[in-house]
Trainee: 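First the structure, which I've put down as structure tokens, then a few questions once you've had a look.
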Protein chains: 2
Amino acid sequence: MTAPAVSSRDLPHPGREEIRLEAVLHALSDRMRLRIVRELAADGDELSCSQFDLPVTKSTTTHHFRVLREAGVVRQVYRGTAKMNGLRKDDLDDLFPGLLDAVLDSAARESRRLRDG
Amino acid sequence: MTAPAVSSRDLPHPGREEIRLEAVLHALSDRMRLRIVRELAADGDELSCSQFDLPVTKSTTTHHFRVLREAGVVRQVYRGTAKMNGLRKDDLDDLFPGLLDAVLDSAARESRRLRDG
DNA sequence: CGACTCGTACGATAGTCATCGTAGTACGTC
DNA sequence: GACGTACTACGATGACTATCGTACGAGTCG
């Protein structure tokens with residue numbers, strides 16, 4: 001196939017207006033999920049779930065991606081058997097300007113600080 | 001008394017280096033606590049617990065203030081029978097530049113958006 | 001079709017959490 | 001000392017959650 005063809009099974013996402021700050025903060029307040037979001041932000045989007053090497057089982061990974069999707073942080077689309085994940089940076093930046101960048105920057109600072117002592 | 005005199009009972013606070021991003025985000029991802037933080041930021045600091053008119057009981061209010069304190073978001077000091085609360089803006093801004101302001105701004109935007117339709 | 005990969009659904013479990021009510025402590029004032 | 005105020009401690013409870021394992025569905029490739 002030339003065009004990867006988005007699968008027919010599509011996943012429920014909140015609309016831009018339905019995204020809530022508390023839900024976003026809650027989604028980001030978990031180690032695993034913050035790690036996922038940081039990788040997504042660093043690697044550009046469109047990463048499949050299996051490209052994340054998380055220290056948890058597949059079921060747990062599925063759970064975390066669902067939390068992120070339902071909070072409006074990521075957008076997920078099936079492409080064949082793979083489920084691609086993209087950060088909803090446009091929506092988040094529109095609703096909460098500077099928030100995502102501040103969180104990502106804070107996370108980077110903290111991990112640098114903890115690593116370098 | 002001229003000097004309000006800080007009480008001898010003092011409360012455990014995390015040091016600046018002990019503050020963790022996840023804990024801060026978790027602390028801010030609750031309706032009541034975000035509301036408390038917004039009021040603290042708006043009114044300047046040094047507000048007593050009882051000045052907050054939250055739709056929960058006193059025990060629950062105590063609980064939320066403790067979560068905020070243990071996450072490093074607020075600093076609490078007894079002054080007589082009152083427990084004064086101040087935002088640790090200096091520490092947070094140093095560790096996570098722009099984060100607190102982004103969250104506060106996001107919260108203000110969201111409440112405006114929800115109010116005005 | 002059959003085998004394989006990717007991800008889901010479901011059930012279980014152990015842990016955390018927001019909330020409450022009651023009883024109690026610390027402090028200031030009379 | 002007695003009273004009132006401000007907040008806490010403790011126990012309970014119901015809800016949610018992070019985690020797992022197993023069994024299943026959807027898609028791709030031989």
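All values reported here derive from a predicted model rather than from experimental measurement. In what follows, chains are A, B, ... by sequence order, proteins preceding strands, each numbered from 1.
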Trainee: When you measure from the side chain of B/Asn85 to the backbone N and O of B/Leu47, does any donor-acceptor pair fall under 3.5 Å?
Mentor: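 At least one qualifying donor-acceptor pair exists.
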Trainee: Expressed in angstrom and rounded to an integer, what is the separation of A/Glu22 atom CD from C/dC17 atom C1'?
Mentor: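 My rounded result for the distance is 15 Å.
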Trainee: Among residues 52-60 of chain A, which ones have heavy-atom contacts with DNA chain D below 4.0 Å?
Mentor: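 Result for residues 52-60 of chain A: A/Val56, A/Thr57, A/Ser59, A/Thr60, sorted by number.
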Trainee: To the nearest Å, how far apart are A/Tyr78 OH and D/dG25 P?
Mentor: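 In whole Å, D/dG25 P lies 14 Å from A/Tyr78 OH.
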Trainee: Starting at atom CG of A/Asn85, determine the distance to atom P of C/dC6, rounded to an integer number of angstrom.
Mentor: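 Rounded to the whole Å, the gap is 14 Å.
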Trainee: Taking the side chain of A/Arg33 as its heavy atoms from C-beta onward, which of D/dA18, C/dT19, C/dA26 lies nearest to it?
Mentor: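 Nearest to the side chain of A/Arg33 among the choices is D/dA18.
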Trainee: Does A/Asp94 pair with B/Arg109 as a salt bridge, N-O distance under 4.0 Å?
Mentor: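 Looking at A/Asp94 and B/Arg109, the cut-off is not met.
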Trainee: Would you name the heavy atoms of A/Arg75 and A/Arg88 that are closest together and state the gap between them?
Mentor: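 Reported closest heavy-atom pair: NH2-NE, 3.2 Å.
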Trainee: Whole angstroms only, please: what is the CG-P distance between A/Leu47 and C/dC6?
Mentor: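 Interatomic distance, CG of A/Leu47 to P of C/dC6: 15 Å.
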Trainee: With clusters defined by side-chain heavy atoms of hydrophobic residues (ILVMFWY) lying less than 4.5 Å apart, directly or transitively, does B/Leu104 cluster with A/Phe96?
Mentor: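 Yes; B/Leu104 is reachable from A/Phe96 via cluster members.
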Trainee: Which atoms form the tightest heavy-atom contact between A/Val56 and A/Met32, and what is the distance?
Mentor: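 Heavy-atom minimum between the residues: CG1-CE, 4.2 Å.
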Trainee: Mind listing the closest non-hydrogen atom pair of B/Leu68 and B/Ala27 along with its distance?
Mentor: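 Reported closest heavy-atom pair: CD2-CB, 4.0 Å.
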Trainee: For the side chain of B/His63, counting heavy atoms from C-beta on, which of C/dT19, C/dA26, D/dT19 is nearest?
Mentor: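 The answer is C/dT19.
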Trainee: For the residue pair B/Leu34 and B/Leu28, what are the closest heavy atoms and their distance?
Mentor: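 What the structure gives for the nearest pair is CB-O, 3.8 Å.
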Trainee: Which residue in the set B/Arg33, B/Arg35, B/Arg69 passes side chain to side chain donor-acceptor pair (under 3.5 Å) when paired with B/His64?
Mentor: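 Exactly one pass, corresponding to B/Arg33.
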Trainee: With 3.5 Å as the limit, what N/O pairs link the protein to nucleotides 13-16 of chain D?
Mentor:
none

Trainee: Side-chain atoms of residues 110-117 of chain B: list all donor-acceptor pairs with protein atoms under 3.5 Å, sequence neighbours left out, distances to 0.1 Å.
Mentor:
from	atom 1	to	atom 2	distance (Å)
B/Glu110	OE1	A/Leu21	N	2.8
B/Ser111	OG	B/Ala108	O	3.2
B/Arg113	NH1	A/Glu17	O	3.3

Trainee: Is the phosphate of C/dG7, meaning OP1 or OP2, less than 4.0 Å from a side-chain N or O of A/Ser50?
Mentor: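 A/Ser50 to C/dG7 OP1/OP2: side-chain N or O found under 4.0 Å.
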Trainee: Look at all strands and tell whether B/Thr61 reaches a base, only sugar-phosphate, or nothing, counting heavy atoms closer than 4.0 Å.
Mentor: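 Answer is nothing: B/Thr61 stays at 4.0 Å or more from every strand.
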Trainee: Starting from C1' on D/dT17, measure out to CG on A/Leu68 and report it in whole angstrom.
Mentor: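 Atom CG in A/Leu68 sits about 14 Å away from atom C1' in D/dT17.
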Trainee: Side-chain heavy atoms nearer than 4.5 Å, only ILVMFWY residues, links allowed to pass through others: does that put A/Val67 and A/Leu54 together?
Mentor: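 In one cluster: no.
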Trainee: Just to verify, what does B/Phe52 make a ring-ring contact (aromatic ring centres under 6.0 Å, His included) with, not counting sequence neighbours?
Mentor: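 So B/Phe52 forms a ring-ring contact (aromatic ring centres under 6.0 Å, His included) with B/Phe65.
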Trainee: Grab the N/O contacts between the protein and nucleotides 12-14 of chain C below 3.5 Å, and write none if there aren't any.
Mentor:
none

Trainee: When you match A/His64 and B/Met84 each to their closest nucleotide on DNA chain D, which lands nearer the 5' end?
Mentor: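 By nearest-heavy-atom nucleotide position, the 5'-most residue is B/Met84.
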Trainee: Rounded to the nearest Å, what distance is computed from the CG atom of residue B/Leu11 to the P atom of nucleotide C/dT25?
Mentor: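 The answer, rounded to whole Å, is 18 Å.
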Trainee: A/Phe65 CZ to D/dA18 P: how many Å, rounded?
Mentor: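 So the CZ-P distance, A/Phe65 to D/dA18, works out to 14 Å.
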Trainee: What nucleotide, of C/dG7, C/dA18, D/dT5, holds the atom closest to the side chain of B/Asp30?
Mentor: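 Between C/dG7, C/dA18, D/dT5, the one nearest the side chain of B/Asp30 would be C/dA18.
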Trainee: For B/Arg79 and D/dC7, what is the distance between atoms CZ and P respectively, to the nearest whole Å?
Mentor: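 That distance rounds to 13 Å.
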Trainee: Could you name each residue pair satisfying salt bridge (Lys or Arg N to Asp or Glu O under 4.0 Å) that touches residues 49-66 of chain B, not counting sequence neighbours?
Mentor: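 Applying salt bridge (Lys or Arg N to Asp or Glu O under 4.0 Å) to every pair that reaches into residues 49-66 of chain B, excluding sequence neighbours, yields nothing.
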